[in-house]
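First up is the structure itself, then whatever we jot down about it.
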Amino acid sequence: MSNHVTVRSGSPHPLVGQGEVPSPCQNEFNCGLSAAGEGQTQSQMKPWELLGNGKLSSASVAKELARLGGQDLRELHILGMVHLELAHYHETGRLSDDQNPDWECVQYHLGKAADCRAVEAMCTLGQVLCQLPHQLFPALKIEPSPTHSYIGMGYLELAAKAGVREAMLQVASAYDTGIGLGNSPDSSRERSQDWVQATYWYTQAITMTTQENGDQRLDAESDYALLARLAEMHRSGGHGLVKDCQKAGEYYGEAAEVATAAMKGRLASKYYMLAEEASADAV
């Protein structure tokens, strides 16, 4: 079998759009996780729903998810972790007769784990669909397309909302540049370059801490670059973000402080100078 997975046919159904996370019983249980022939055409199905050819029972998974029906999120999480573990087994070939990886089964179970809101699976599947580097299942590839990128961004946003810093940065970058947002089959749910969203997720990533580090920064080198980018965006404004030179000066000043703590003296001096210029523009 090849070392990558391609989508068989049809256009996968978009997972999520912008805004609140959809209720499982309103979305996945009723349309996203049912097998073909159970009220759903192939053109409406996600990539992993098109896999199997009889060796995977999508219907049985849908039946179990429907049984849970959102009544017990703990059971839903457990089911997601089971699917994620099965994906690992198929990656190592432990469940195949020839002991080779079965990438179709990996994709299938990873998709099911993500639909069960397993955070690691949501992040990884989003990265795979968006053609981004990923540590989990590094050899797994899915054919690139604007629709796949759109679906992948939905998963990455869910992972970001669940507190995954890597996903926060990837979502922020996509909204910052407008690259990788994908195209929705439903034109009313299109995403576009949005600096309000970008600044929100950059800020969430910067302020994120761990219990082990207390109030210390997780990644000082990344943080001063992100703070400088926030300053640039506020200084120029655009893509929905109101120009605010005063705030830009504050961000440059904070970037300078972080750069100083990271022993980046020249960069800190540059940020201090830009902070003064931005503050002067605000007068």
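Note that the coordinates shown come from a computational prediction; the quantities given were computed from them, not determined experimentally.
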Worksheet item: What do the steps show when you test Leu140 against Trp103 for side-chain contact (heavy atoms from CB on, under 4.5 Å), and what is the final call?
Response: CA-CA 7 Å; Leu140 177 61; Trp103 294 109; 4.2 Å; yes
Practice prompt. Begin from the C-alpha positions of Asp115 and Tyr155 and carry the test side chain to side chain donor-acceptor pair (under 3.5 Å) through to its verdict.
Written response: CA-CA 9 Å; Asp115 287 337; Tyr155 279 116; 2.7 Å; yes
Worksheet item: Would His77 and Arg117 count as a side-chain contact (heavy atoms from CB on, under 4.5 Å) if you check the C-alpha gap in whole Å, the side-chain angles of each, and the deciding distance to 0.1 Å?
Response: CA-CA 7 Å; His77 173 73; Arg117 295 297 184 261; over 6 Å; no
Discussion item. Between Tyr272 and Glu257, is the side-chain contact (heavy atoms from CB on, under 4.5 Å) condition met? List the steps.
Written reply: CA-CA 9 Å; Tyr272 277 126; Glu257 293 175 3; 3.8 Å; yes
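Two residues are said to be in side-chain contact when any heavy atoms from C-beta on lie closer than 4.5 Å; Val258 and Tyr271 fail this criterion. Between Leu129 and Leu156 there is no side-chain heavy-atom pair separated by less than 4.5 Å. For the pair Cys116/Met122, no side-chain contact is recorded, criterion being any heavy-atom separation below 4.5 Å from C-beta on. With a 4.5 Å cut-off on side-chain heavy atoms, Leu181 and Asp194 do not count as touching. Annotation: side chain of Cys130 is in contact with side chain of Met153 (closest heavy-atom distance under 4.5 Å). Lys141 places none of its side-chain heavy atoms less than 4.5 Å from the side chain of Val128. Looking only at side-chain heavy atoms (C-beta outward), Glu157 and Tyr175 come within less than 4.5 Å of each other.
Under the side chain to side chain contact (heavy atoms under 4.5 Å, CB included) test applied with Leu110, the options Ile142, Leu86, Leu84 reduce to a single match, Leu84.
Counting only distance, with no hydrogens or angles, the side chain of Arg165 and the backbone of Ala205 share a donor-acceptor pair below 3.5 Å. With hydrogens and angles disregarded, a donor-acceptor distance shorter than 3.5 Å links the side chain of His148 to the backbone of Glu143. Under a 3.5 Å cut-off, the side chain of His234 and the backbone N or O of Leu230 do form a donor-acceptor pair. Looking at Glu190, its side chain does come within 3.5 Å of a backbone N or O of Ser184 through a donor-acceptor pair. A donor-acceptor pair under 3.5 Å is absent between the side-chain atoms of Ser173 and the main chain of Gln170, judged by distance alone. Looking only at distances, no side-chain donor or acceptor of Ser279 sits under 3.5 Å from a matching main-chain atom of Glu276. Thr124 places no side-chain N or O within donor-acceptor distance of the main-chain N or O of Ala121, the cut-off being under 3.5 Å. In this structure, the side chain of Gln193 engages the main chain of Asp176 through a donor-acceptor pair within 3.5 Å.
Within 6.0 Å of CG on Asp97 lie no more than 12 heavy atoms contributed by other residues, nucleotides or ligands.
Nearest heavy atom pair, residue Ala275 against residue Gly249, reads CB-O, 3.5 Å. Contact detail for Arg235 and Lys243: the closest heavy-atom pair is O-CE, 3.1 Å. Nearest heavy-atom pair, Gly182 versus Ser149, reported as atom, atom and distance to 0.1 Å: CA-CB, 3.8 Å. The two atoms that bring Cys123 and Ala167 nearest to each other are SG-CB, 4.2 Å, heavy atoms only. The heavy-atom pair separating Gly238 from Trp195 by the smallest distance is O-CE3, 3.4 Å. Nearest approach of Met233 to Ala198, heavy atoms of both residues: CE-CB, 3.7 Å.
To the nearest 0.5 Å, atoms CD (Glu277) and CG (Leu274) are separated by 5.5 Å. Interatomic distance, CG of Leu95 versus NE2 of His90, reported as 4.5 Å (0.5 Å rounding). The CD atom of Gln197 sits 9.5 Å away from atom OG of Ser192, with the distance rounded to the nearest 0.5 Å. In this structure, CD on Glu232 lies 11.5 Å from CG on Leu227, to the nearest 0.5 angstrom. Rounding to the nearest 0.5 angstrom, the gap separating the CD atom in Gln204 from the CG atom in Leu169 is 11.5 Å. Separating the CG atom in Leu226 from the OG1 atom in Thr199 is a distance of 12.0 Å, to the nearest 0.5 Å.
Counting only N and O atoms by type, the side chains of Gln135 and Gln127 include no donor and acceptor under 3.5 Å apart. Residues Tyr251 and Asp244 have side chains that never bring a donor and an acceptor to within less than 3.5 angstrom of each other.
Classification of Arg229 and Asp223 as a salt-bridged pair fails, no side-chain N sitting under 4.0 Å from a carboxylate O.
Hydrophobic cluster membership is shared by Val106 and Leu136, with clusters built from Ile, Leu, Val, Met, Phe, Trp and Tyr side chains linked at under 4.5 angstrom. Cluster membership for Tyr108 and Val82, using ILVMFWY side-chain heavy atoms within less than 4.5 angstrom, is not shared.
Residues meeting the ring pair (Phe, Tyr, Trp, His ring centres under 6.0 Å) test with Tyr252, sequence neighbours left out: none. For His134, the ring pair (Phe, Tyr, Trp, His ring centres under 6.0 Å) test picks out no residue, with sequence neighbours left out.
The six-membered or imidazole ring of Phe137 lies near that of His88, with a centre-to-centre distance under 6.0 Å.
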